[in-house]
S.K.: 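Could you have a look at this structure, given as structure tokens, before my questions?
Quick note on labels: first sequence line is chain A, next is B, and so on, each numbered from 1. As a basis for the values below, the full set of heavy atoms in this structure was taken, side chains included, without hydrogen atoms, waters or symmetry mates.
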There are 2 protein chains.
Amino acid sequence: MNTIKQLGYIAMGTRLRMLTDKFITDADKIYNSLDVDFEPRLFTVFYLINQKKSITITELAEQLGYTQPAVTQIANVLISKKLINSVKEKKDSRKKILTITKKGEDLLLELIPVWQDIENSVKELINETGYDVLFVLSKLESELEKKDIFTRVMEKTKKRQIEEVKIFEYSSDSPGDALYKKELNKNFRDLNYEWIKKYFKVEKEDKKQLENPGKEIIEKGGIIFFAEYKDMIAGTAALLKKEDNSYELAKMAVRDEVQGKQIGKKLGFAVIDKVKQLKCDKLYLETNASLTPAINLYKSIGFEEVEMKDPSKYERATFRMNYNFKK
Amino acid sequence: MNTIKQLGYIAMGTRLRMLTDKFITDADKIYNSLDVDFEPRLFTVFYLINQKKSITITELAEQLGYTQPAVTQIANVLISKKLINSVKEKKDSRKKILTITKKGEDLLLELIPVWQDIENSVKELINETGYDVLFVLSKLESELEKKDIFTRVMEKTKKRQIEEVKIFEYSSDSPGDALYKKELNKNFRDLNYEWIKKYFKVEKEDKKQLENPGKEIIEKGGIIFFAEYKDMIAGTAALLKKEDNSYELAKMAVRDEVQGKQIGKKLGFAVIDKVKQLKCDKLYLETNASLTPAINLYKSIGFEEVEMKDPSKYERATFRMNYNFKK
DNA sequence: TATCTTTATATAAGTGCTTATGCAAATTAG
DNA sequence: CTAATTTGCATAAGCACTTATATAAAGATA
């Protein structure tokens, strides 16, 4: 039983559930031992019907934060116990108006002092803890409202995953034996074939670069970047050196299974950093206007759309972006 | 939704339940969105099996504060997911020893960082509240352990009910018209017949007193006490004046429906007070040794068992008690 | 004014526990 | 050493909610 406590923050849910159970089963025991025909779960609904005198199912659900089926079910129990009445609203026959019956009012006379005792008992319990537990609960609720656990965890997980992604370069002066370089070449080729085939067709220029990156990219002063995630090549991108001393970002591909881990972004930043490091201030890319996610990614790392002056080497390239070094 | 908050202490259960739900559903969302085949409810059991390496169902239940069927069910899910193994213990074939499988260990590698993120997120949330929520929870748990809500409410309810019981005397100089006195006589008679018939048979002496209390009790200097609860005569007792200037407490009866409200005790105290007020120091009663609850009641208000010297007027009287005025 | 959408409620099934009970193995008592 | 009791686990059913979906009335749209 102490194990739950030792788990600390991570078992908060279980611990809260256990505490909740104690409150609910105790309330049930109280009604039973006082021989009152009532159940804890009926409380909020019955209480609110009495307070508002007349209210519909949906209104109850909204005010109590229950789902509508929950209120319907509770109301049905109250009706079967003849504690409340339900009549259709005249103007809108979908609505059911709930009111307390005579029997319900009689029961209320019995219940109110019991509720008073429960309230005082909880108040007493809380006083003994020395904390304003109700206020702490409110704080917890409002902080959760601002940002729930799911969002918090997702942020952390994403961050962790990004940190797990390692970017490395493959250029003319990279170390590694032939076998390793062959493996990298294969990854570069396969990753790119995969997405090109998915959306377009493999063009002549693609084949040239992908089948012989050493000669076509590296030897011409370009660099290939790889993203490693969990001992696996998860993405790649190429920085091509052009004759006019500008660079082109091309052949960026990320493995489908690792989407959402910001690998593309990380590759993009690595490419940009490299260009800056090379003291160059001309970097562009060409893509297809239909690839919205990719374009959004490029925008997010600092590329801006420019006019497509000269026709591209690629048929699919209909959209040109330049990196803005000034921003 | 705000209504629950307004209810304050009395809706603590509901409020805790809602908070609990948020924690659990968020955990579920996290596993889903990370594509991990796991559920929140499996957490504690799976975690503990891994920590202890090898543990039985009952041990888990004890350490986690779950019921045994709950652990059995959770373990079965874990087994069906092939995350744990179960083998019978050699020495005691009733016991099932649970251990993590290879697949379970693989999943753990995925889960541990997620759990870490959850833990950090909850920690962060709690920091934002500005309270040591975990400590507040511990306090709440330990105060509940000392005295639970049920006990607290019962104490308050009992006290309230006792206060609602009013004792009044019916003696030669009591006010009230003939009809009212007749009604009191009827109550005195019926209440006593009821319990005498239940355990013994009505004796001649009973009949004399019950059919004519005015002549047989009041006119001889005795007093009849009534307990009124919710506009109803709920109990009665007679104080009989004896020839040797002592008093006898007799004919004490409490209506069945109002048992447990300490009405007998309150009647007893009223009788004792009266005797003291009359400057008398001899008060006794006779009852039957088999009526343990009654004897306990008498003891609790100051009566002590004494030897039964003379035979009683009643056949059923086998047990005599004197009130101890010295204590 | 016919259709399409929205709203109010009902119904069904699922969830994660619980209590109640059954059964077989182990232990204790006479 | 048998018989009664206790222990460990399984199974069934219940509880207090949930989500998903159905149904019918009301309101909006064209």
Side-chain angles (χ1 to χ4, degrees), chain A residues 4 11 13-29 31-32 38-46 55-80 84 86-98, chain B residues 4 11 13-29 31-32 38-46 55-80 84 86-98:
Chain A
I4 295 289
T14 307
R15 208 156 155 198
L16 281 172
R17 192 190 49 70
M18 286 172 168
L19 202 55
T20 306
D21 269 9
K22 273 189 196 141
F23 275 83
I24 309 259
T25 53
D26 265 31
D28 199 48
K29 269 168 73 185
Y31 294 128
N32 273 327
F38 202 68
E39 303 160 41
R41 65 157 172 160
L42 305 179
F43 168 70
T44 43
V45 170
F46 191 52
I55 190 168
T56 67
I57 303 261
T58 305
E59 285 164 1
L60 277 167
E62 276 167 3
Q63 300 202 26
L64 293 172
Y66 280 127
T67 57
Q68 166 266 314
V71 177
T72 297
Q73 287 167 39
I74 294 171
N76 282 339
V77 175
L78 287 168
I79 290 168
S80 75
I84 61 169
S86 105
V87 285
K88 283 187 180 177
E89 198 191 58
K90 277 181 198 160
K91 283 190 181 172
D92 185 342
S93 72
R94 291 170 308 176
K95 291 186 184 172
K96 260 177 122 174
I97 298 180
L98 307 177
Chain B
I4 295 289
T14 307
R15 208 157 156 198
L16 282 171
R17 191 190 48 70
M18 287 172 167
L19 202 56
T20 306
D21 270 9
K22 274 189 196 139
F23 275 84
I24 310 260
T25 54
D26 266 31
D28 200 47
K29 271 167 72 185
Y31 294 129
N32 273 327
F38 202 67
E39 303 160 40
R41 65 156 170 162
L42 306 179
F43 169 69
T44 44
V45 170
F46 192 52
I55 191 168
T56 68
I57 302 263
T58 305
E59 284 165 1
L60 277 167
E62 276 167 5
Q63 301 202 25
L64 294 172
Y66 281 127
T67 58
Q68 166 266 313
V71 177
T72 298
Q73 288 167 38
I74 294 170
N76 282 339
V77 174
L78 288 168
I79 290 168
S80 74
I84 62 169
S86 105
V87 286
K88 283 188 181 179
E89 198 190 59
K90 275 181 196 159
K91 283 191 181 172
D92 186 342
S93 72
R94 293 169 308 175
K95 291 187 185 172
K96 261 176 120 173
I97 299 180
L98 306 177

S.K.: Report the residue (Asp21(A) or Thr58(A)) whose heavy-atom-nearest nucleotide on DNA chain C is the more 5′ of the two.
M.R.: Thr58(A)
S.K.: How close or far is atom P of dT11(C) from atom CD1 of Ile57(A), stated in whole angstroms?
M.R.: 11 Å
S.K.: Would you please confirm or rule out a distance under 4.0 Å between OP1 or OP2 of dA24(C) and any side-chain N or O of Arg94(B)?
M.R.: no
S.K.: With sequence neighbours left out, what residues match Thr72(A) under side-chain hydrogen bond (donor to acceptor under 3.5 Å, both in side chains)?
M.R.: Gln68(A)
S.K.: What is the distance, rounded to the nearest whole Å, between atom NZ of Lys95(B) and atom P of dG8(D)?
M.R.: 6 Å
S.K.: Whole-Å distance between dC17(C) P and Leu42(B) CG?
M.R.: 9 Å
S.K.: Whole Å only: how far is the CZ atom of Phe38(A) from the P atom of dA16(D)?
M.R.: 12 Å
S.K.: Is there a side-chain contact between Thr72(B) and the phosphate of dT11(D), meaning an N or O under 4.0 Å from OP1 or OP2?
M.R.: no
S.K.: Which listed nucleotide (dT11(C), dT9(C), dC9(D)) is nearest to the side chain of Pro69(A)?
M.R.: dT11(C)
S.K.: Would you kindly compare Lys90(A) and Ala70(A) by the position of their nearest DNA chain D nucleotide and give the one closer to the 5′ end?
M.R.: Ala70(A)
S.K.: Touch check for Lys88(B), heavy atoms < 4.0 angstrom, all strands: base, sugar-phosphate only, or nothing?
M.R.: nothing
S.K.: In whole angstrom, what separates Asp28(A)'s CG from dA16(D)'s P?
M.R.: 7 Å
S.K.: What is the distance, to the nearest angstrom, from the CZ atom on Arg17(A) to the C1' atom on dT15(C)?
M.R.: 12 Å
S.K.: Check this for me, if you would: do Lys91(A) and Glu89(A) make a salt bridge, where the nitrogen-to-carboxylate-oxygen distance has to be below 4.0 angstrom?
M.R.: no
S.K.: Give a yes/no answer on whether the side chain of Thr25(A) brings an N or O atom under 4.0 Å of OP1 or OP2 in dT18(C).
M.R.: no
S.K.: If you only use heavy atoms from C-beta on, which nucleotide in dT19(D), dC17(D), dG16(C) is closest to the side chain of Arg41(B)?
M.R.: dG16(C)
S.K.: If you compare all heavy atoms of Ile57(A) against all heavy atoms of Val71(A), which two are closest, and at what distance to 0.1 Å?
M.R.: O-CG1, 3.7 Å
S.K.: Compare side-chain N and O positions of Lys96(A) against OP1 and OP2 of dA10(C) and report whether any pair is under 4.0 Å apart.
M.R.: yes
S.K.: Does Ser93(A) make a side-chain N or O approach to OP1 or OP2 of dA26(D) shorter than 4.0 Å?
M.R.: yes
S.K.: Nearest to the side chain of Gln73(B) - dT18(C), dG8(D), dA25(D)?
M.R.: dT18(C)
S.K.: With a non-hydrogen cut-off below 4.0 angstrom, is Ile24(A) in contact with a base, only sugar-phosphate, or nothing?
M.R.: nothing
S.K.: Mind calculating the distance between CD1 (Ile55(B)) and C1' (dG8(D)) to the nearest angstrom?
M.R.: 14 Å
S.K.: Rounded to the Å, how far apart are Lys91(B) NZ and dA26(C) P?
M.R.: 12 Å
S.K.: What orientation do Phe46(A) and Phe38(A) show, parallel under 30°, tilted 30 to 60°, or perpendicular over 60°?
M.R.: tilted
S.K.: Remember a base hit wins even if backbone is also touched, and classify Thr67(A) as base, sugar-phosphate or nothing at under 4.0 Å, heavy atoms.
M.R.: base
S.K.: Before you tell me yes or no, could you show the steps for Thr14(A) and Thr44(B) under side-chain hydrogen bond (donor to acceptor under 3.5 Å, both in side chains), namely the whole-Å CA-CA distance, both residues' side-chain angles and the distance that decides it to 0.1 Å?
M.R.: CA-CA 8 Å; Thr14(A) 307; Thr44(B) 44; 5.0 Å; no
S.K.: When Asp92(A) is tested against each of Lys88(A), Lys96(A), Arg94(A) for salt bridge (Lys or Arg N to Asp or Glu O under 4.0 Å), which residue passes?
M.R.: Arg94(A)
